[in-house]
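If you're wondering where the values come from, they're calculated on a predicted model, not measured in any experiment.
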Amino acid sequence: MRAAFFGEVHGNSIALESAMRDAQRRGAEAIYCLGDVVGFGPHPDRSVELLRESGVATVQGEHDYAVGNEKPVAGTCYTNPGEERLARLDHDYTLEKISPGHRAWLAALPRRISFEHQGVRYLLVHGSPRRQDEQLWESSTPEDLLELLARDADADVLVCAHTGLHWQTALPSGRVVVNAGALGRPANDGTRRVWYAFLDTEAEEPFSFVPLEYDCERLAAQMRAEKLPSEFAEAILTGFWTTGLDVLPVKERLRGRH
Amino acid sequence: MAILRSPSRVPARTGPVPEGLVQLRMPEVRFRFLDALWIQVTGTRCNIACRHCFSSCGPKADQIPMMSAGQVDEALEEGRSLGMRQVYFTGGEPFLHPDLPRMVRAALRLAPLTIVTNGLLIDDRAVEMILEESRRTRYSLDLRVSLDGTTAEENDRVRGRGTFEKVSETLRRLGRAGLSPLVAVVEHEGIVRAEARERFLQFLRDLGIARPRVQFQSLFRMGREMRRTHGYHDLGVLASAPLLSEVESRLPCATGRAVTSQGVYTCPMLVEHQSARLGDALAKSLHPIRMNWDTCQTCMLDGLHGSN
Ligand code: SF4
Ligand code: SF4
């Protein structure tokens, strides 16, 4: 089986469209989205439409929950007054722009998707199996905790997103945890590429991460036209995160510029 | 950061709330997950004695003895089996512990570690140790360094004369090594987080820290701080307000426990209070508690604030 896993679309419908084409070209039989379809990016309806039209099975992220239910975003990664202001602006923008039908779709998304393939149980969540907004970073999540989370959720393969950085680990028990990264913004590595996870159960290394070039100039232009915070467009164009940095564990933080 | 004084020396107004108020039934905090395991490795032993220390730590403070490396191993092992996410080494001052490098390595085999420190003892050798241990592990090794001002005048008023220069030197040293400690600022008079954030970030950049990190913390009016600001006044506020679940989930006692050489406690702020002791075993301490202490008010306010 071949499948693609998209994390953190965050309104980047341009990258989403490219990724869907890319995954199909690679022979993906299924595409899954790990949530946070909206928030951060422009024109939230466009990403929702793409996913709905193609019937992509989608897990709910905390932004989807908040927009879907017209609530404030919980567990935000914006942790100081300046960033909170940006987050509020952005959330208000998304609430204003989203159409009622799409809002209802976001509200109704499941918190987890599971399936079994060749006796392997896969579980897809946004943050972690126990918390929609739990951050599973590579350098700050103990292996023993991952074992507990996967075991308690009856998963052999746990796929999550939420943090924006992709990584995977094989646990001593044989279980696998994959963070699919983000399509919505680059990986804080100084390049404009965004990433998604690809599964090929016949390959020696079943999970790999696919870097994706897309028309980020067009995204930045849309952000400007929609008067979204200039910090967001800067991150898209420089490849370095400009906001939400306080929640990065120090190892990941020291790899970025800011 | 900080810890204990023996119960008999606790000023009358800290500790469990006075009798009549207990009848108000303080809100209950459910235990969620073991996100934080606070290990008070050096007990109350510290190389300085800050005015706002929430447990009156100091050079001669031995109310809570140091932990042995074996005791730390036991706490780590227990935490591991209970799904801890993040380990914190606190004191007193952790860099006073002779076995710190060994304990750091033991923690980093299992989980990410933050050492909560005043930064004064971090010399070139300590920086080497930090770099070496960071290289050896997939987990983050972080430092949380206390600083209470961007000038000697502002900082030393609280942390003692000469400390500003020494901490600045440590920060320069860490910056040269490419490291970035989280600088923890306690809000005292003159420091208001919204205004001070950019000032502290710029100060750190000027010291050569390329990716400055700063976190503001509320002042806990207990320990030595009690004598300065006379503790808390309006205990009834806490009992009368309903505990919002967003606030509840942000309380340290909902997502962590503190271990000292004397047992397991609700949180690092209350390790000096026998009434906050939850026994010897971490596994048996993960149950709901009531916000029975006047310091809980600060947590409540922090939870309402919710940001740095
Ligand atoms: S550095 Fe200051 S606040 Fe921290 S433990 Fe020592 S005396 Fe207390
Ligand atoms: S001081 Fe704070 S963390 Fe400690 S028991 Fe009270 S509310 Fe909980």
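Other residues, nucleotides and ligands contribute over 12 non-hydrogen atoms within 6.0 Å of the CD atom of A:E116.
Ranked by non-hydrogen atom pairs under 4.5 Å with chain B, the options A:L254, A:T169, A:T141 are led by A:L254. Interface remark: of the candidates B:R32, B:E246, B:R80, B:R80 forms the most heavy-atom pairs closer than 4.5 Å to chain A.
For A:F209 and A:H166, the ring centers are positioned less than 6.0 Å apart. Between A:F198 and A:F207, the distance from one ring center to the other does not fall under 6.0 angstrom.
Residue contact with chain A, scored on non-hydrogen atoms closer than 4.5 Å, involves the backbone of B:L82 exclusively. Heavy atoms of A:L148 lying under 4.5 Å from chain B belong exclusively to its side chain. Heavy-atom distances place the backbone of B:S81, and not its side chain, under 4.5 Å from chain A. Within the 4.5 angstrom heavy-atom criterion, only side-chain atoms of A:R131, from C-beta onward, approach chain B. Using a 4.5 Å cut-off between heavy atoms, A:E147 makes no contact with chain B at all. Proximity to chain A (any heavy atom under 4.5 Å) is shown, for B:L182, by neither the backbone nor the side chain. No part of B:P181 comes within reach of chain A, as not one of its non-hydrogen atoms sits under 4.5 angstrom from that chain.
Between B:E248 and B:R30, at least one side-chain N (NZ, or NE/NH1/NH2) sits under 4.0 Å from a carboxylate O, which counts as a salt bridge. Here A:D90 does not pair with A:R85 in a salt bridge; the nearest charged N to carboxylate O distance is not below 4.0 Å.
Within residues 234-242 of chain A, no residue approaches chain B closer than 4.5 Å by heavy atoms.
In summary, the side chains of A:E62 and A:H126 do present a donor paired with an acceptor at a separation below 3.5 Å, with no hydrogens or angles considered. Donor-acceptor pairing under 3.5 Å is lacking for the side chains of B:Q217 and B:E187. Judged by distance alone, the side chains of A:S139 and A:E252 do bring a donor and an acceptor atom under 3.5 Å apart. A side-chain donor from one of B:T114 and B:Q86 sits under 3.5 Å from a side-chain acceptor of the other.
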Original post:
Could you walk me through whether B:R135 and B:E132 pass the salt bridge (charged side-chain N to carboxylate O under 4.0 Å, His left out) check?
Top reply: CA-CA 5 Å; B:R135 269 193 296 267; B:E132 170 60 18; 3.4 Å; yes
